[in-house]
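Step one of this worksheet: look at the structure below.
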Amino acid sequence: MNDNNATKEPPLQSTFEKYEKKFKALADQKRLHILNLLCQQDSSCVCDLSELIDMPQSKLSYHLKILLDANLIQKETKGTWSYYTVNTKEINHLLSPELCCLFRPSNCC
């Protein structure tokens, strides 16, 4: 194996850490509920989500931060409000055959 290939591909440990963060973010019913609500709308501000999920904005912000850090949602600030959308590309990636290759390499393309 030459050194150029080693620098182009992240180490397996780094890949595991990346997915651990994403799956930890998904392993919570409240965050799954938030994602579900966001999937139903183009974008939502914290105030709207807070009413829909019946959760104080402070707790909601905590969960949104975890989803943001895992790159599962995106945030756009307009004035004093933050609007959130689902990161469709990342969600589709998690549900894709690419991830399955970590666990079933013989079935990879």
Side-chain angles (χ1 to χ4, degrees):
M1 177 181 219
N2 76 35
D3 289 337
N4 288 341
N5 286 340
T7 58
K8 290 180 184 177
E9 297 177 1
L12 195 53
Q13 185 65 34
S14 173
T15 301
F16 291 159
E17 288 171 4
K18 178 178 87 171
Y19 284 109
E20 178 183 33
K21 188 174 197 174
K22 293 176 189 309
F23 286 117
K24 279 185 176 181
L26 290 171
D28 181 277
Q29 288 185 23
K30 290 177 179 106
R31 291 191 286 274
L32 289 171
H33 190 187
I34 292 165
L35 281 172
N36 179 262
L37 290 171
L38 289 174
C39 284
Q40 297 173 32
Q41 304 170 28
D42 288 335
S43 70
S44 292
C45 71
V46 175
C47 58
D48 293 337
L49 283 172
S50 181
E51 289 179 24
L52 290 170
I53 202 166
D54 192 30
M55 181 186 293
Q57 286 187 20
S58 59
K59 284 189 178 187
L60 179 58
S61 293
Y62 166 79
H63 291 290
L64 289 168
K65 173 92 169 87
I66 292 170
L67 292 168
L68 272 169
D69 289 347
N71 200 29
L72 298 174
I73 62 172
Q74 298 169 319
K75 174 178 143 180
E76 181 182 355
T77 303
K78 297 177 185 175
T80 57
W81 293 104
S82 295
Y83 291 83
Y84 296 88
T85 57
V86 169
N87 184 346
T88 306
K89 182 179 177 181
E90 192 63 34
I91 294 292
N92 287 342
H93 178 75
L94 286 176
L95 302 174
S96 74
E98 293 174 59
L99 180 60
C100 294
C101 288
L102 286 174
F103 306 108
R104 292 185 287 162
S106 62
N107 292 339
C108 289
C109 300

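To the nearest 0.5 Å, atoms SG (Cys45) and CD (Glu51) are separated by 8.5 Å. Separation of atoms OG1 (Thr88) and CG (Leu72) is listed at 11.0 Å; rounding is to 0.5 Å. Distance check: Leu37 CG to Asp48 CG gives 11.0 Å after rounding to the nearest 0.5 Å. How far NZ of Lys65 is from CG of Leu68: 7.5 Å, rounded to the nearest 0.5 Å.
Residues Leu64 and Leu32 share a hydrophobic cluster, clusters being chains of Ile/Leu/Val/Met/Phe/Trp/Tyr side chains in contact below 4.5 Å.
Residue Lys75 places its NZ atom among 12 or fewer non-hydrogen atoms of other residues, nucleotides or ligands, all under 6.0 Å distant.
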* To do: Give the intermediate values and the outcome of salt bridge (Lys or Arg N to Asp or Glu O under 4.0 Å) for residues Glu20 and Lys24.
  => CA-CA 6 Å; Glu20 178 183 33; Lys24 279 185 176 181; 3.5 Å; yes
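Residues Leu35 and Leu26 meet the side-chain proximity criterion, which asks for heavy atoms closer than 4.5 Å.
Sorted by first then second residue, the side chain to side chain donor-acceptor pair (under 3.5 Å) pairs that include residues 78-87, not counting sequence neighbours, are Asn71-Asn87. Residue pairs satisfying the side chain to side chain donor-acceptor pair (under 3.5 Å) criterion with at least one member in residues 28-47, sequence neighbours excluded, are listed as follows: Arg31-His63, Asn36-Gln40, Gln41-Ser44.
Ile73 pairs with exactly one of Ile66, Leu67, Ile34, Ile91 by the side-chain contact (heavy atoms from CB on, under 4.5 Å) rule, that one being Leu67.
Pairing each heavy atom of Ser50 with each of Leu60, the nearest pair is N-CD2, 3.4 Å. In terms of heavy atoms, Lys22 sits closest to Ala70 at NZ-O, 2.8 Å.
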